[in-house]
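Data first, discussion second: the structure below is written as structure tokens.
We name chains A, B, ... by the order of the sequence lines, and we start the count at 1 in each one. The figures that follow rest on heavy atoms only: side chains count, while hydrogens, waters and symmetry mates do not.
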Amino acid sequence: MSSSLSTVPSTLISLATHPSSLRHNRWAQVAVLIAIWFASEMVRVRWHLPLPGSVIGFFLVWLLLETRALPAAWIERGADSLLNHLVLFFVPAMLALVGHPELLSFTGVKLLAAILVGTVIVMSGTALVVELGFLWSARRASR
Amino acid sequence: MNAVVTAVFWGAITLGVYAGARALHARRPRWWTSPMLATWTLCGGLIVALHTTYQDYLSGTQWLIFLLGPATVAFAIPIHRHRTLIRRHRVMLGVGVVTGCLLAIGSSWLLAGLFHLSPELRASLLPRSITTPFAMSTSSVLGGLPELTASFTAITGLFGAAIGELLLTYLPVRSAFARGALFGMGAHGAGVAKAREIGGEEGAVAGLIMVLAGLFTVIGVAVFSAWL
């Protein structure tokens with residue numbers, strides 16, 4: 001325990017003196033992403049923006065990456081870790097279902113039916129339209 | 001039970017069950033060992049068995065839900081990684097995302113009306129086809145319950161990933177691009193994992209469509225609600 005705690009200040013010192021060491025530290029990168037998200041939430045509140053802070057943060061980071069102002073190596077390990085464990089972050093929200101016993105009824109059956117039928121519609125419709133578009137653009141290219 | 005003990009207990013249980021399910025899934029990759037399904041059912045079963053309220057459970061796990069925010073920011077990395085694919089296929093990606101999002105929201109709206117679901121349930125159902133962090137923030141803007149949307153979205157992903165290949169045997173869809181779009185649009189995270197098993201291009205397209213559909217829906221709903 002003491003050894004893992006003592007690495008925190010030494011990590012901070014090495015990050016402060018050698019910013020490029022950020023590219024090796026997954027946890028520091030996660031902290032950077034949390035800080036960007038937090039700052040974006042404050043921006044949203046301050047200027048009453050209609051988008052969620054997380055989406056504002058997404059566009060900010062995307063812009064910084066495309067303009068090469070932010071090297072991808074400085075956050076990509078942390079980003080991959082967060083996305084790898086995305087399930088862990090939304091399962092606690094899914095468990096809210098235990099507080100809705102009223103859904104264990106005909107309403108629940110109707111909800112399930114709406115989800116299943118809707119999903120078949122979305123998948124088939126999207127695939128067919130994209131396939132048609134693909135055939136159309138291939139035919140136009142060959143002419 | 002003491003409030004702090006309760007919080008630590010449920011936080012540790014959730015992390016432990018998740019870690020165990022991941023280890024099991026790495027050894028036996030089946031749909032029923034998926035960490036999402038295992039963590040959901042085991043923690044849910046335990047909550048019911050111990051007569052815990054959702055509020056008590058949340059006291060130890062709320063911080064995990066907060067991490068959906070930074071995770072949404074993190075989606076900038078895969079989008080940046082596939083920038084050449086986006087540039088080359090921007091028109092078809094746009095067609096797929098716009099069609100898919102309109103079909104997703106439209107079909108949910110109509111089916112909820114057909115089944116006479118309450119306005120709250122209907123709003124919770126609308127964003128269910130996009131990836132969970134985007135779906136939950138869209139749900140609250142629309143007047144739905146984000147926690148219910150999380151479950152509807154998960155069921156969508158599980159079901160979509162399970163029937164995707166069956167649909168592909170019936171549909172006249174040959175291009176890897178359209179096959180990837182089917183999974184990314186219809187079954188978000190679970191669909192992307194399935195599409196990766198089918199092929200590299202299918203997986204990349206599914207991942208892109210998933211993130212772009214989330215962005216398109218969030219922005220579309222924000223513009224729409226500001227305009228109303």
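- When each of B:Val95, B:Leu103, B:Val98 is tested with A:Val129 by the rule side-chain contact (heavy atoms from CB on, under 4.5 Å), just one qualifies, namely B:Val95.
- Comparing A:Val30, A:Val55, A:Asn84 by heavy-atom pairs within less than 4.5 Å of chain B, the highest count is held by A:Asn84.
- The shortest non-hydrogen separation linking A:Gly57 to B:Val73 is O-CG1, 3.9 Å.
- Chain A forms the most heavy-atom pairs under 4.5 Å with one residue out of B:Ala76, B:Gly186, B:Ser34, and that residue is B:Ala76.
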Going through the checks in order, is the side chain to side chain contact (heavy atoms under 4.5 Å, CB included) test met by A:Val87 and B:Thr132? CA-CA 9 Å; A:Val87 164; B:Thr132 314; over 6 Å; no
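- Considering every non-hydrogen atom in both A:Leu83 and B:Ala74, the closest pair reads CD1-O, 3.8 Å.
- For the options A:Leu82, A:Ile56, A:Val117, A:Leu88, heavy-atom pairs under 4.5 Å to chain B are most numerous at A:Leu88.
- For B:Ser129, the part lying under 4.5 angstrom from a heavy atom of chain A is the side chain only.
- Here the CZ-OG distance, from B:Phe134 to A:Ser54, works out to 7.0 Å after rounding to the nearest 0.5 Å.
- Of all heavy-atom pairs between A:Pro52 and B:Val218, the closest is CD-CG1, 3.6 Å.
- In terms of heavy-atom pairs under 4.5 angstrom with chain A, the leader among B:Thr61, B:Val173, B:Thr99 is B:Val173.
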Which atom pairs, donor and acceptor, lie under 3.5 Å between side-chain atoms of residues 91-113 of chain A and protein residues at least two apart or in another chain?
| from | atom 1 | to | atom 2 | distance (Å) |
| --- | --- | --- | --- | --- |
| A:His100 | ND1 | A:Glu102 | OE2 | 3.0 |
| A:Ser105 | OG | A:Glu102 | O | 2.7 |
| A:Ser105 | OG | A:Thr107 | N | 3.3 |
| A:Lys110 | NZ | B:Phe115 | O | 2.9 |

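- For chain A, the nearby parts of B:Phe152 are the backbone and the side chain; heavy atoms of each come within less than 4.5 Å.
- Here the closest heavy-atom approach between residue A:Ala114 and residue B:Leu125 is recorded as CB-CD2, 3.9 Å.
- To the nearest 0.5 Å, the span separating OG1 on B:Thr156 from CD1 on A:Ile115 amounts to 5.0 Å.
- Ion pairing between a basic and an acidic side chain is recognised when a charged N comes within 4.0 Å of a carboxylate O; A:Glu131 and B:Arg179 show no such pairing.
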The test is side chain to side chain contact (heavy atoms under 4.5 Å, CB included); show your working for A:Val122 and B:Ser107 and say whether it passes. CA-CA 8 Å; A:Val122 172; B:Ser107 66; 4.1 Å; yes
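- Listed options B:Leu215, B:Val97, B:Thr14 were ranked by heavy-atom pairs under 4.5 angstrom with chain A; first place goes to B:Leu215.
- Outside the 6.0 Å centre-distance limit, the rings of B:Phe75 and A:Phe58 are not counted as a close aromatic pair.
- For a residue to count as touching a neighbouring chain, one of its non-hydrogen atoms must lie under 4.5 Å from one of that chain's; by this rule B:Ser137 touches chain A with the side chain only.
- When heavy atoms are compared at a cutoff of 4.5 Å, B:Leu168 does not approach chain A at all.
- Both the backbone and the side chain of A:Leu116 have a heavy atom closer than 4.5 Å to some heavy atom of chain B.
- In terms of heavy-atom pairs under 4.5 angstrom with chain B, the leader among A:Leu65, A:Leu132, A:Leu60 is A:Leu65.
- Looking at B:Leu148, the atoms closer than 4.5 Å to chain A (heavy atoms on both sides) all sit in the side chain, from C-beta outward.
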Check the pair A:Met123 / B:Phe183 against side chain to side chain contact (heavy atoms under 4.5 Å, CB included), numbers first and verdict last. CA-CA 7 Å; A:Met123 292 182 111; B:Phe183 282 106; 4.3 Å; yes
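- Between B:Phe66 and A:Trp37, the ring planes lie tilted relative to each other; the angle falls in the 30° to 60° range.
- Of all heavy-atom pairs between B:His80 and A:Ala72, the closest is CD2-CB, 4.1 Å.
- Contacts of B:Pro146 with chain A are absent, with no heavy-atom separation under 4.5 Å from either backbone or side chain.
- No other option in B:Ala71, B:Ala222, B:Pro35 has as many heavy-atom pairs under 4.5 Å with chain A as B:Ala71.
- When each of B:Ser175, B:Ser140, B:Gly60 is checked for heavy-atom pairs under 4.5 Å with chain A, B:Ser175 comes out on top.
- Counting non-hydrogen atoms of neighbouring residues, nucleotides and ligands closer than 6.0 angstrom, the CZ atom of A:Phe38 reaches no more than 12 such neighbours.
- With a 4.5 angstrom heavy-atom cutoff, B:Val48 touches chain A only via side-chain atoms.
- The line from CG of B:Leu68 to CG of A:Leu86 is 6.0 Å long, rounded to the nearest 0.5 Å.
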Going through the checks in order, is the side chain to side chain contact (heavy atoms under 4.5 Å, CB included) test met by A:Phe90 and B:Thr131? CA-CA 10 Å; A:Phe90 62 70; B:Thr131 180; 5.8 Å; no
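- For B:Leu110, no part sits under 4.5 Å from any heavy atom of chain A, backbone or side chain.
- Minimum interatomic distance between B:Ile77 and A:Glu76 (heavy atoms only, all atoms of both residues): CD1-CB, 3.7 Å.
- Proximity to chain A is limited to the side chain of B:Ile47, based on heavy atoms less than 4.5 angstrom apart.
- Ranked by non-hydrogen atom pairs under 4.5 Å with chain A, the options B:His89, B:Arg83, B:His116, B:Arg22 are led by B:Arg22.
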